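Report on the following structure.
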Amino acid sequence: DEAYTDAFIREVDEDVKNDNLRIFWKKYGFYVVLLVVVSLTLAVSFESIKAWKIKRDQAMTNTYISTLEMKSTGRLSESLAMLKQIAEDGNGIYRDIAKLQIVNILLEQGKIEEALNNLAQIADDSKVNETLRSAARIKLVSLQFDNMETPRIKELLFPLEEDKNWAPYAKEFLAMAAIRDNNFTEAKELYKQLVAMPDLSDDLRSRVQDIISVLDEE
């Protein structure tokens, strides 16, 4: 009797589960099917997009390598044309590197004004990779220091003072600008900050200490 009762309870329980499943399917079956279809579509789309991005990046890599080969063999005009194409149609780091490479080729070709204009655009473009943008700022100041006004130098270099990779260059140029403006107190403070940096090269540290000694005499 007990075994029969247990079997009967299990059968009833199974019937209830089946009834509940039928009710659930009747009510939500369409949405379940829709969810499965959407999930499969998204999975296929993700894999397709992933494959497309890999293929695109590989093509961009090959194109960029070709520009470097052209540049190394003296085919500057061809390399420049291809780099301009990457800068216009490319994206991400390759686009930004192409912009800097364009500047280098223009400098080699003696097109100084065009190179400096391009460099200024990179330095002021917040969409450019921050590391490359910082490099462009330092390069722009180094090339135009004699003719660049101090406010513009500060505008370009102040954001780099807290960056351990670029701070030595930024502080040195800012100190040089202060000396040019006869602001020796500001220059000495910047040089002291520079010489206190732990990762400063021995040559630069020695040179800065000599400059501080001269400023103290002044």
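Just so it is clear, the structure is predicted and the values come from calculations on it, not from any experiment. One is the number of the first residue; the rest follow in order along the sequence. Side chains are part of it too, since the values below use all heavy atoms of this structure and drop only hydrogens, waters and symmetry mates.
F173 meets the side-chain contact (heavy atoms from CB on, under 4.5 Å) test with I138, V141, S142, F145, L157, M176; sequence neighbours excluded. Every salt bridge (Lys or Arg N to Asp or Glu O under 4.0 Å) that E161 has, sequence neighbours left out, goes to K171. A search for salt bridge (Lys or Arg N to Asp or Glu O under 4.0 Å) contacts involving K139 returns nothing, not counting sequence neighbours. Under the side chain to side chain donor-acceptor pair (under 3.5 Å) criterion, T150 pairs with R180, D181, not counting sequence neighbours. Qualifying side-chain contact (heavy atoms from CB on, under 4.5 Å) partners for E149, counting only residues two or more places apart in sequence or in other chains: P151.
Applying the side-chain hydrogen bond (donor to acceptor under 3.5 Å, both in side chains) test to pairs two or more places apart or on separate chains, those with a residue in residues 197-211 are E172-R207. Here salt bridge (Lys or Arg N to Asp or Glu O under 4.0 Å) pairs that include residues 184-198, with residues two or more places apart or in two chains, are K154-E186, K188-D216. Note on residues 113-128: pairs passing side-chain hydrogen bond (donor to acceptor under 3.5 Å, both in side chains), not counting sequence neighbours, are D124-R152.
No side-chain donor-acceptor contact under 3.5 Å links R133 to the backbone of V128. Not a single donor-acceptor pair under 3.5 Å links the side chain of N129 to the backbone N or O of I93.
Distance NZ/K99 to CG/L132: 10.5 Å, rounded to 0.5 Å. Taken to the nearest 0.5 Å, the CG atom of L194 stands 5.0 Å off from the CG atom of L200. Distance check: N104 CG to L80 CG gives 11.0 Å after rounding to the nearest 0.5 Å. One distance of note links CD of E78 with CD1 of I105; it measures 11.0 Å at 0.5 Å rounding.
Taking all atoms of both residues into account, the shortest heavy-atom contact from A136 to A123 is CB-N, 4.2 Å. Closest approach of A175 to L190, counting heavy atoms only: N-CD1, 3.5 Å. When all heavy atoms of A87 and A98 are compared, the closest pair comes out as N-CB, 4.1 Å. Closest heavy-atom contact between P168 and L204: CB-CD2, 4.5 Å. Taking all atoms of both residues into account, the shortest heavy-atom contact from Y191 to I212 is CB-CG1, 3.7 Å. Here the shortest heavy-atom pairing between L160 and A170 reads CB-CB, 3.9 Å.
Remark: of the listed residues N147, L106, L143, L143 is the sole one forming a side-chain contact (heavy atoms from CB on, under 4.5 Å) with L116.
Using a 4.5 Å heavy-atom threshold, the side chains of R137 and L119 count as separate.
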